[in-house]
Amino acid sequence: MEEFQSVRGFHDLLGEEAKRFRYVSELIREKLRVYNFEEIVLPVVEYLEVFQRSIGEATDIVQKEMFSFEDRKGRRLALRPEGTAGAVRAYVQNRLYALKPYVKLFYEGPMFRYERPQAGRYRQFHQIGAEVFGTMDPLADAELINLVHEILLEMGIDVTIEVNSIGCKVCRPAHRDALIEYLSGVEGHLCDVCIDRRDKNPLRVLDCKVPTCKEAVKEAPKMLDFLCHECREHYSKLKEHLTNLSIPYRENPNLVRGLDYYTKTVFEAVSNELGITVIAGGRYDYLVEEMGGPPTPAVGFAVGIERLSMLLRSEPKEDPLYFLIPFGEVLDYALTLAKTLRSEGRRVEVSYRKGGLKKQLELANRLKADYAIIVGEEEKLGNFYTIKDLKTGQQIRVQPSPSL
RNA sequence: GAGAGCGUAGCUCAGUUGGCAGAGCAGUGGACUGUGGAUCCACGGGUCGCGGGUUCGACUCCCGUCGCUCUCCCCA
């Protein structure tokens, strides 16, 4: 029989990997809880248009990375490539803007992008995202970055937090024009991709890694010099807040994000070890309106759980494992004991094998137990059990129920 | 979409001008039914990714194909 294989880019997470994944997820969720974010459980499938409209028709995500398909009635659907689009759709559809002056939501779950898999990149990957709807206050931006900073600090992950402002409807066009003009002047030094980008999305040229492009772009007009009064004010307030929160950050005037909906603040946490982005976000003040809602400013970020997990050095520690060995005709007694220990919250594994004590203790080691609990005729008769510390070899007799 | 590397036992990997398919670990069993962590013995396990070609003979050489990994583009 031919055996099956998981689909390319779709991975099983097992063992330590699964534990790290869970640890990261729980740490972030706990952080979101204390910041008073409310969970919203979103569908994995949306109408294709939801993503096309929000993420932007010209982006790589929409153009070549979507798992899109038609259902039986010919509706054009897609597996979500990111979370913000769906969150905004839900915000509008459920009239969440009528609930409170502003709302803070988070979601968690799988995202799908049809890309060539490589280190830290899967076709199904997982994100936790947080969004604040309904406020222009740069304090929201700052708190989000603070939250991100705290997560990374607690996990001991070495990153640089980069921030930038990419302006708004008012100030962006002038910069764009100036940039295109500048790029045309240095066209000879740009790579092919960048020449193409100049017309479609000139901001992205600033982000190019090709050395000659980097060099050519050094003197390019900076968005920061074009910011309108409002954006300038917003950005400087944000930096002020970050300083007050003592968050180390680096201003990166070339930081651009790949999605169309961003305005003003954009930020990223980049691993100093691997150079990959692990958390990224920004403000998107027009998106809610563009998705059919009332004009509503918003900010958010998303973290890649796998990417964070793979930077995790320390292994999450586990509760001790007790390996219970029934020895002789004592199953009734042994199982009652197991029940008691488990009800106390202990991790108990009852041996599923027969064999001498020697074999059983070997088994205990193989299963990575911390303690062996030996229950034989003697124990049953005397109503106690024997517990052996498998690290030290020390062994003591214990009456059931009192703490071990 | 473009490029590079790798596919031999469950895992990590050897495999000599082209001449019977190997080791370590893991697994199973064992003078051993009250004491383990590198004690001993035995055993099982393979379409050498797949398909073709060259050859008396291919794990080895050639072509194709699939898969995995990594890089670029882009992104979490």
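Letters A, B, ... are given to chains in the order of the sequence lines, protein chains preceding strands, and every chain is numbered from 1.
Within the nucleic acid shown, G393(A) comes within 4.0 Å of at least one base atom, counting heavy atoms only. Within 4.0 Å (heavy atoms only), R8(A) reaches sugar-phosphate atoms of the nucleic acid but no base atom. Here A364(A) lies out of heavy-atom contact (under 4.0 Å) with every strand. Among the atoms of the strands shown, base atoms are found under 4.0 Å from some heavy atom of E378(A). Nucleic acid contact class of E268(A) (heavy atoms, under 4.0 Å, all strands): none.
Summarising the geometry, the separation between CD on E362(A) and P on G34(B) is reported as 15 Å, rounded to the nearest angstrom. What separates CG of L363(A) from P of G37(B) is a distance of 13 Å, to the nearest Å. The distance between atom CZ of R121(A) and atom P of A76(B), rounded to the nearest whole Å, is 10 Å. Across the protein-nucleic acid pair, F327(A) atom CZ and C32(B) atom C1' stand 11 Å apart, rounded to whole Å. Note: CD1 (I161(A)) to P (A76(B)) measures 16 Å, nearest angstrom.
Judged by the 6.0 Å and 45° rule, K104(A) forms a cation-pi pair with F37(A). For the pair K264(A) and Y235(A), the cation does not sit on the ring face, since its NZ or CZ is not both under 6.0 Å from the ring centre and inside 45° of the axis.
Across all strands shown, G57(B) has no partner, as no Watson-Crick or G-U wobble contact with both distances under 3.5 Å is found.
Ranked by how close their nearest RNA chain B nucleotide is to the 5' end, G304(A) and K391(A) are led by K391(A). Positionally, the nearest nucleotide of RNA chain B for E377(A) lies more toward the 5' end than for the other of E82(A) and E377(A).
The base of U35(B) is paired with the side chain of K388(A) by a donor and an acceptor separated by under 3.5 Å. Contact of Q395(A) with G36(B) (side chain to base): no donor-acceptor pair of N or O atoms is detected under 3.5 Å. Between the base of G37(B) and the side chain of N365(A) there is no donor-acceptor pair shorter than 3.5 Å.
The pair E17(A)-R22(A) does not count as a salt bridge, with every side-chain nitrogen at least 4.0 angstrom from each carboxylate oxygen.
Other residues, nucleotides and ligands contribute more than 12 heavy atoms inside 6.0 Å of the CZ atom of F384(A).
You'll find the side chain of F106(A) reaches within 4.5 Å of the side chain of R29(A), heavy atoms only.
K358(A) has a side-chain polar atom (N or O) that falls below the 4.0 Å cut-off from OP1 or OP2 of G36(B). A sub-4.0 Å separation between OP1 or OP2 of U69(B) and a side-chain N or O of H11(A) is present. Contact between the side-chain N/O atoms of Q118(A) and the OP1/OP2 oxygens of C70(B) is not found at any separation under 4.0 Å. Distances shorter than 4.0 Å separate none of the side-chain N or O atoms of Q360(A) from OP1 or OP2 on G34(B).
Stacking here means ring centres nearer than 5.5 Å and ring planes tilted less than 30 degrees, and by that measure F125(A) stacks onto A76(B).
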